[in-house]
Amino acid sequence: MSDAHILEVRDLRKSFPVSTGAFTHSSGRGVAVDSVSFSLERGETLGIVGESGCGKTTLARMLLRLIEPDSGEMRFRGQDWLGAHGGELRALRRRIQMVFQDPIASLNARMRVGTIVGEPLAIHEPQLSRAERRARVAAMLEAVGLGGDALGRYPHEFSGGQRQRIGIARALILRPELVVADEPVSALDVSVGAQILELLDRLRRELSLTLILISHSLPVVAQLATRVAVMQAGRFVEFGPAEQVLQAPQNAYTQALIAAVPEIPA
Ligand SMILES: Nc1ncnc2c1ncn2[C@@H]1O[C@H](COP(=O)(O)OP(=O)(O)OP(=O)(O)O)[C@@H](O)[C@H]1O
Ligand SMILES: [Mg+2]
């Protein structure tokens with residue numbers, strides 16, 4: 001294992017119970033994520049692409065430890081991330097954050113934006129004074145392109161793209177090292193989505209983030225990814241540097257995905 005690796009994942013697997021017949025009462029388990037292994041270096045953007053139901057969100061939730069895998073290993077900066085518990089788990093948790101697909105559903109509609117974005121700070125850095133917390137929130141809102149007046153307003157007063165900026169500000173307020181964005185632009189118009197992707201890329205550079213960008217859309221992934229994983233039926237069927245996967249795909253499924261898109265930004 002090299003120090004450059006921020007995340008190493010080995011043989012991650014997750015299955016869910018599925019009922020196979022209403023009358024037979026028989027049930028089995030469907031495998032949502034199967035034998036997924038990869039390593040990611042600091043500062044990279046891993047794009048994970050695959051059709052609906054292939055296991056992208058299940059994988060993302062395991063990477064965040066929102067759900068536990070059936071088996072496998074995960075190391076975050078060399079530490080046993082899957083085995084972490086107690087104080088170590090809490091300390092690691094704040095270093096890995098998620099941006100969600102649906103900013104409306106993921107933001108508490110009754111809270112003002114300042115409270116929404118400041119909440120992780122209130123939990124993880126309770127020693128900060130109100131003024132210090134407010135200053136951190138205001139700076140983060142500015143970094144995502146929202147004015148200071150956003151602090152006192154409510155999520156419904158913003159457009160979809162602005163709401164996703166609020167979601168990004170909340171994810172970044174604790175200064176995480178790894179950010180997993182699960183379909184961050186699929187609820188947005190293409191042009192608004194492109195601006196959000198540009199924002200994520202700029203923040204990655206400015207804040208030295210490593211990014212995992214999950215999308216069913218190959219052009220979305222191609223816009224930012226330095227590495228691409230193609231997922232099919234729970235498995236990584238292709239994984240490599242973005243140029244290699246996009247220009248010279250080895251796998252038939254990847255070739256079909258690329259053939260379906262007229263122009264991939266090189
Ligand atoms: N909590 C759960 N209980 C049972 N089955 C689940 C659960 N979560 C996911 N699954 C199943 O696991 C598989 C993968 O689902 P997942 O949500 O990870 O796919 P996805 O690639 O994110 O799809 P989409 O592009 O539609 O978001 C699907 O068959 C889904 O039905
Ligand atoms: Mg999903």
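Only a predicted model underlies this, so the values are computations on that prediction, with no experimental measurement involved. Throughout, numbering of the chain's residues begins at 1 and tracks the sequence. First listed ligand is number 1; within each ligand, the first listed atom is number 1.
Considering only non-hydrogen protein atoms, atom 12 (O) of ligand 1 sits nearest to Ala32 CB, 3.3 Å. The protein heavy atom nearest to atom 26 (O) of ligand 1 is Ser52 OG, 2.5 Å. The shortest contact between atom 23 (O) of ligand 1 and any protein heavy atom is with Gly53 N, 2.7 Å. The nearest heavy-atom contact from the protein to atom 25 (O) of ligand 1 is Lys56 NZ, 2.8 Å.
When heavy-atom distances to ligand 1 are checked against a 4.0 Å cut-off, His216 has no atom that comes that close, whether in backbone or side chain.
Ser39 has its side chain within reach of Arg10: a pair of non-hydrogen atoms, C-beta onward, lies under 4.5 Å apart. Between Gln97 and Leu172 the shortest side-chain heavy-atom distance does not fall below 4.5 Å. Put simply, the side chain of Arg61 does not reach to within 4.5 Å of the side chain of Lys14, judged on heavy atoms.
Residues Ala143 and Leu199 come closest through the heavy atom pair O-CD1, 3.8 Å. Contact record, Val180 with Ala60: CG1-CB, 3.9 Å, taken as the closest heavy-atom pair. Considering all non-hydrogen atoms of both residues, Phe158 and Arg163 come closest at O-NH1, 3.2 Å.
Residue-to-ligand polar distances keep Phe16 apart from ligand 1: every N/O pair is separated by 3.5 Å or more. Between Gly50 and ligand 1, not a single N/O pair is under 3.5 Å apart. Considering backbone and side-chain N/O of Thr58, one or more are found under 3.5 Å from N/O of ligand 1. When only interatomic distances are considered, the shortest N/O to N/O separation between Pro17 and ligand 1 does not fall below 3.5 Å.
Protein N/O/S atoms found under 2.8 Å from the Mg ion (ligand 2): Thr57 OG1.
Close contacts of ligand 1 with Thr57, meaning ligand atoms under 4.0 Å from a residue heavy atom, involve 17 (O), 18 (O), 20 (P), 22 (O), 27 (O).
Under the 3.5 Å distance criterion, the side-chain polar atoms of Ser215 are left unmatched by any main-chain donor or acceptor of Val49. Remark: the backbone N or O of Leu82 is paired with a side-chain donor or acceptor of Arg65 at under 3.5 angstrom. Side-chain atoms of Glu157 come within 3.5 Å of backbone N or O of Tyr154 as a donor-acceptor pair.
Within 6.0 Å of atom CZ in Arg134, 12 or fewer heavy atoms from other residues, nucleotides or ligands are found, so the atom counts as exposed in its surroundings.
Between Gln232 and the choices Leu257, Thr254, Val237, the side-chain contact (heavy atoms from CB on, under 4.5 Å) rule is met once, by Val237.
Within the 4.0 angstrom cut-off, atom 15 (O) of ligand 1 has one or more protein heavy-atom neighbours. Atom 2 (C) of ligand 1 is flagged as protein-proximal [any protein heavy atom, distance under 4.0 Å].
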- Between Met231 and Phe236, does a side chain to side chain contact (heavy atoms under 4.5 Å, CB included) hold up when you go through it step by step? CA-CA 5 Å; Met231 208 169 171; Phe236 276 13; 4.0 Å; yes
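Ligand 1 lies out of reach of Gly30, whose nearest heavy atom is not under 4.0 Å from it.
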